[in-house]
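Take a look at the structure set out below.
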Number of protein chains: 2
Amino acid sequence: MADPRKSTLVLVAERAGVSIASVSRVMNGLPASERVTERVRAAAAELGYVPDATARSLKVGRTEQIALAVADVGNPVYVGMMREISRVVTKAGYRLVLSSTGIDPKDQIDLLVSLNRGYADGLIMSPLRVPEELGTQLRSSRLPIVIIGSLPPGAELDNVRADSVAGMALAVDHLAAQGRTRIAFVNGPVDTVPGAARRDGYLKALAARGIEDRTQVDARDFTYQAGLKAAATLLEKGTPDAIVCANDLLAIAALNVATRRGLKIPDDVAIVGMDDTDIADLANPAITSVDLGATRRARTAARLLLRRLEKPDAPVRQVVIEPTLTVRGSSTKEENL
Amino acid sequence: MADPRKSTLVLVAERAGVSIASVSRVMNGLPASERVTERVRAAAAELGYVPDATARSLKVGRTEQIALAVADVGNPVYVGMMREISRVVTKAGYRLVLSSTGIDPKDQIDLLVSLNRGYADGLIMSPLRVPEELGTQLRSSRLPIVIIGSLPPGAELDNVRADSVAGMALAVDHLAAQGRTRIAFVNGPVDTVPGAARRDGYLKALAARGIEDRTQVDARDFTYQAGLKAAATLLEKGTPDAIVCANDLLAIAALNVATRRGLKIPDDVAIVGMDDTDIADLANPAITSVDLGATRRARTAARLLLRRLEKPDAPVRQVVIEPTLTVRGSSTKEENL
DNA sequence: CTGTTAGCGCCTTCAC
DNA sequence: GTGAAGGCGCTAACAG
């Protein structure tokens, strides 16, 4: 294998003594005579020839890349989604282009514009916030897009989302079944898509069960540090017998704050998180968590996009993933596990 | 803004009544008369024109993409590195293509071959294992590559690595200073690059301090589950007064296993992790951890690659990042913090 | 300052 | 089954 620094169809063709068309055919597995195939393979191997992706893309109009836009590459729930999406699209022969959009909604708009440059064949995106303008940009995108989470009004796109209300119901039912009656809630910012949905779920779940006692504190964001502060604020107000948290990071924060205040988990206070990420297991006791189906959402989103790439005119599909509850030590005695 | 479904230089040029070259110039900010600039901008806006990335890449020979290959997208230390690399390369105008190579070393080889298709301008890679063949493939790559971690023998590449020996020394010194004398070690697989380096560091650190007592257990991999098992095995053998762990996940596992056995942390057993990832803070007590500079390594690697893309002939640079120790509750009493 | 033109490397009809 | 030729959309000489 010689220097692959260059080496194009032309060079391989010369070396093999055939036309560039024949080389192209052999490289793409199209029918060719034994003899030509042989010579081309040999020449290609000697030259270390590898077809150029860019040129191919320009010609065929596909990049074999899928873009993924998430707000925070570091958030465990996005990490899990990324891993799953990476798995699915890689298996289908696509590369994954990662766009960390950051918090600023303007980044999302920029991303959509730049997507029209055609560096990817499609986009999977999970917006934290959905401003008006996002909707119009989505509508004018020339590439297929799958949204994980709520759609902006008027956008008819393939979509996958969680059922936060059902998820909250699972958590509250579980806690009520343990005889808990003062169920507090640590949420993230309420002006985000998940924040709004989870608060909604909390209120509905309590209302449905006739529970009047409600206490809610909003953390500044969905991080552990913000959770520490929120939990401290919450416990200042009094001690509930259960705390539901809008994600697992907030739940671990609540657990640690409560423990440090001398409260026994789960005896004095039961704690339930959401998302059921890897870190729910790391806590001591491990944290009961509502799996809102992040992994399944990711997988479904990837499949929806792949399907649309194959059939651009297929009917729009909107999938709701049903939540499940994984019970661990933070909300129930060992012997009940 | 009209339908952007197509719209090329030609269309914009027609609409603006100028040549395609003029459009290209305006779009790239090259000098052009006021009048032409104006007309082109207007036409482009009306047509929703966005330059095609693929065609541009083919022409200029650059994709403005950087590939990142890591073994496990889910591992917290890689997540941190990803985030940092994403930040740096994005700011420099590059997109990040994520390649999760998996455990199989063959994946890495495949990746290097496919990289020669030219879908990215360079590669950052952090191999878990470094088989012979990887070296030869690295040498025959036509694109710049920066390796995070050990280099295969004979590869002269830009490189960033941690100083595991110094890191272990930090951990051991810290523990010895607390009067700990029976310092055990929970490692990951010893046939991986980090596993070998950390064992090496452990042995050297103990030897340098004349500590004879050594106990080591290797977890099956660097995950929490494997850590639980390894820690249990370790504690079966007897109770050390300190445990150093090859990463934070293993450390949390050790902490939880020890706690459940009724041991007090840090009084009975001190625990020190490595990598100083976000999760070190989540544990209760929080875990003292040796920061092997994952974030700095990532940032440095990204910068080295950007530099090489600018100056292909710059001298090879190999950087060693010095570790630091972040002391938390798992290895020292509150009052000493 | 602006327009014309020649490819970048590949795939794909179209004749042979 | 194989070769010749056109063009994907764009940039960079080179003329004018």
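Residue numbers start from 1 in every chain, and the chains themselves are labelled A, B, ... in the order their sequence lines are given, proteins ahead of strands. Reckoned from all heavy atoms, side chains included, excluding hydrogens, waters and symmetry mates.
One finds the CG atom of B/L305 at 11.0 Å from the CG atom of B/L157 (value rounded to the nearest 0.5 Å). The distance from atom OG of A/S141 to atom CG of A/L111, rounded to the nearest 0.5 Å, is 9.5 Å. In this structure, the separation between CG on A/D121 and CZ on A/R95 is 9.5 Å, given to the nearest 0.5 Å.
We find that CG of A/N116 is positioned 17 Å from C1' of D/dC10, with the value rounded to whole Å. Going from atom CG of B/L9 over to atom P of D/dT11 covers 6 Å, rounded to whole Å. Nucleotide D/dG7 holds its P atom 14 Å from the CD1 atom of B/I20, rounded to whole Å. Between the CE atom of B/M27 and the C1' atom of D/dG9 there is a distance of 13 Å, rounded to whole Å. When the C1' atom of D/dT11 is taken as reference, atom CZ of A/R117 falls 13 Å away, rounded to whole Å.
Of the possible polar contacts, one joining the A/S57 side chain to the A/R62 backbone as a donor-acceptor pair under 3.5 Å is found. Of the possible donor and acceptor atoms, one in the side chain of B/T101 sits under 3.5 Å from a partner among the backbone N and O of B/V70. In terms of modelled atom types and a separation under 3.5 Å, the side chain of A/T63 and the main chain of A/Q65 share a donor-acceptor contact. Side-chain atoms of B/D158 come within 3.5 Å of backbone atoms of B/R317 as a donor-acceptor pair (strictly under, hydrogens ignored). Looking only at distances, no side-chain donor or acceptor of A/R297 sits under 3.5 Å from a matching main-chain atom of A/I148.
Residues satisfying the side chain to side chain contact (heavy atoms under 4.5 Å, CB included) criterion with B/V77, sequence neighbours excluded, are B/N75, B/D275, B/T277, B/A294.
Taking the 5' to 3' direction, DNA chain C first and last meets chain A under 4.0 angstrom from a heavy atom at C/dG9 to C/dT12.
Residues in residues 23-40 of chain B take part in no side chain to side chain donor-acceptor pair (under 3.5 Å) pair, two or more places apart or across chains.
Put simply, B/T8 has no side-chain N or O that comes within less than 4.0 Å of OP1 or OP2 on D/dG9. Contact check, A/S22 against D/dG3: a side-chain N or O comes under 4.0 Å of OP1 or OP2.
Direction change of the helix axis from one end of the helix from C/dC1-D/dG16 to C/dC16-D/dG1 to the other is 40°, with five pairs defining each end axis (rounded to 10°).
The stretch residues 51-67 of chain B comes close to DNA chain C through B/L58, B/K59, each having a heavy atom under 4.0 Å from the strand.
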Using nucleotides 13-15 of chain D, report all nitrogen or oxygen pairs with the protein that are shorter than 3.5 Å.
none

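Map B/S24 and A/P31 each onto its nearest nucleotide of DNA chain D; the residue landing nearer the 5' end is A/P31.
A salt bridge links A/K106 and A/D110; the closest N-O separation between the charged side-chain nitrogens and carboxylate oxygens is under 4.0 Å.
Side-chain contact, A/Q137 with A/Q108: no donor N or O sits under 3.5 Å from an acceptor N or O.
Counting non-hydrogen atoms of neighbouring residues, nucleotides and ligands closer than 6.0 angstrom, the CZ atom of A/R41 reaches no more than 12 such neighbours.
Counting only heavy atoms from C-beta outward, the side chains of A/Y49 and A/M27 approach each other to under 4.5 Å.
Contacts of A/V10 with the nucleic acid, taken as non-hydrogen atoms under 4.0 Å apart, are absent.
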